[in-house]
Amino acid sequence: MAAPLAPRRGAGAASQRWLALLPLLLLARPAGALLEGLYCGTRDCYEVLGVSRTAGKAEIARAYRQLARRYHPDRYRPEPGDEGLGRTPQSAEEAFLLVATAYETLKDEDTRKDYDYLLDHPEEYYSHYYHYYRRRLAPKVDVRVVILVSVCAISVFQFFSWWNSYNKAISYLATVPKYRIQATEIAKQQGLLKKAKEKGRSKKSKEEIRDEEENIIKNIIKSKIDIKGGYQKPQIRDLLLFQIILAPFHLCSYVLWYCRWIYNFNIKGKEYGEEERLYIIRKSMKMSKSQFDSLEDHQKETFLKRELWIKENYEVYKQEQEEELKKKLASDPRWKRYRRWMKNEGPGRLTFVDD
């Protein structure tokens, strides 16, 4: 029986050395793990700060402050061993920027996770670029805050724009004799004009008294006039901000209204009421609610008398309106001049002037 082989000399010591180096080999970074243009470039951010991958935030911050004081361009003084960062920097500014980049990378937990993932998975080349630039280019402010501020700004602009249009409409109506005379009579009956003159006899000039009387007339017009359409008095509920807030309520109301419409008129076959008839007429005319509300009451009564909610009646009415418009344009001298110009010198004709 053969004797067992004796172990070779030094085999135990070699195996012990390999076991000691095993953790370092497992943590070793492949050569292609560091990419130019990402984080610290081809330098290891941990090596730049002189810390290990298990270092905490306090240790990283302390190392950064020490290196920042040492390599600050305004305080830097060359010392032996300045190439301790691995490569000799061309200037103190480059070293300072590299230290700052390493600290910015490691101080944030999410960015540090991405960087550690880069070290452990160097083969995912495009994924590293995506995560790096996604965090770098991501907005610093919450998008929801930006949207809220934008909506509020638009709503404020809407309110002041509508209020300006409303004041312009009131100022115009104050110059129309029909409304101005009525407002003046109401002011006289209420004694507002006399009070303005009595208050300003000794203290105010004639121009100030006139301005005060003008404001009284405008206020009476505001209280008596009913403006509809684009120049109506602005309402808070019409602003974009409140429209967005009330959007779920409006959506639910519309769904409920539509279901009720289908049930009452399509399934049960009920007759349309006045409100429903006007709604169908407005949809046939392709008018918005504000446009339709701005029509005179006698026009809406005419629509109802002619039963324009019925499609055939509306088609007849539409043809009549088109024929009436053609007659008006045919009798309009400006329209005649325009047609002569289009025929003689308008588009599709070249004229050569021979001097």
Side-chain angles (χ1 to χ4, degrees), residues 138-187 190 192-193 195-196 199-200 204-205 207-258 260-261 274-276 278-300 303:
K140 303 301 182 183
V141 183
D142 192 346
V143 178
R144 293 169 294 183
V145 176
V146 176
I147 294 175
L148 179 61
V149 172
S150 301
V151 170
C152 292
I154 294 173
S155 301
V156 171
F157 175 78
Q158 276 183 325
F159 181 78
F160 284 105
S161 177
W162 291 347
W163 193 262
N164 185 42
S165 300
Y166 175 71
N167 288 331
K168 285 183 178 179
I170 296 298
S171 299
Y172 169 75
L173 293 175
T175 61
V176 178
K178 175 183 176 181
Y179 302 112
R180 187 176 185 84
I181 292 173
Q182 293 179 4
T184 305
E185 291 296 328
I186 294 173
Q190 297 178 357
L192 298 176
L193 296 179
K195 292 180 181 178
K199 289 181 180 179
K204 298 181 180 179
S205 62
E207 293 182 357
E208 292 176 342
I209 295 174
R210 193 181 302 112
D211 292 339
E212 187 173 349
E213 292 177 353
E214 188 70 19
N215 290 331
I216 291 172
I217 293 174
K218 288 182 179 180
N219 290 331
I220 292 174
I221 293 175
K222 286 181 181 179
S223 61
K224 299 295 182 181
I225 202 72
D226 183 19
I227 302 178
K228 297 178 180 179
Y231 292 92
Q232 63 184 357
K233 189 174 182 178
Q235 302 291 333
I236 296 295
R237 64 175 180 271
D238 295 331
L239 298 178
L240 177 62
L241 177 61
F242 290 89
Q243 289 292 315
I244 294 175
I245 294 174
L246 297 175
F249 171 76
H250 291 318
L251 180 61
C252 294
S253 300
Y254 175 77
V255 171
L256 183 63
W257 171 86
Y258 187 76
R260 189 182 295 125
W261 181 286
E274 181 177 334
E275 183 178 353
E276 288 78 13
L278 291 175
Y279 173 79
I280 296 174
I281 294 172
R282 177 170 70 84
K283 288 298 182 182
S284 300
M285 293 182 173
K286 298 179 180 179
M287 299 175 67
S288 65
K289 190 176 185 305
S290 59
Q291 290 175 330
F292 193 78
D293 291 342
S294 63
L295 298 176
E296 298 291 340
D297 292 337
H298 66 85
Q299 291 179 293
K300 297 178 183 179
F303 297 157

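The residues of the chain are indexed from 1 along the displayed sequence. Please read all numbers here as calculations on a predicted model, not as lab measurements.
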* Report, as yes or no, whether the 6.0 Å neighbourhood of atom CD on Gln299 holds more than 12 heavy atoms from other residues, nucleotides or ligands. => yes
* Structure fact -> OG1 (Thr184) and CD (Glu213) are apart, to the nearest 0.5 Å, by 9.0 Å
* Asked: With no hydrogens and no angle check, is any side-chain donor or acceptor of Asn215 less than 3.5 Å from a backbone partner on Asp211?
  -> yes
* Rounded to the nearest 0.5 Å, what's the gap from CH2 on Trp261 to CD1 on Ile280? Could you check? => 4.0 Å
* Asked: What distance separates Ile186 CD1 from Ile181 CD1, expressed to the nearest 0.5 Å?
  -> 12.5 Å
* Can you tell if the side chain of Phe159 reaches within under 4.5 Å of the side chain of Ile236, non-hydrogen atoms only? -> yes
* Asked: Atom CZ in Phe292, atom NZ in Lys286: separation rounded to 0.5 Å?
  -> 16.0 Å
* Point-to-point distance, once rounded to the nearest 0.5 Å, from OG of Ser284 to OH of Tyr279 -> 10.0 Å
* Approximate separation, where rounding is to 0.5 Å, of Leu239 CG and Ile245 CD1 -> 10.0 Å
* Side-chain contact, heavy-atom cut-off 4.5 Å: Gln182 with Val176? -> no
* Asked: Is there a donor-acceptor pair under 3.5 Å between the side chain of Arg180 and the backbone N or O of Thr175?
  -> no
* Asked: For the rings on Tyr166 and Trp163, is their centre-to-centre separation under 6.0 Å?
  -> yes
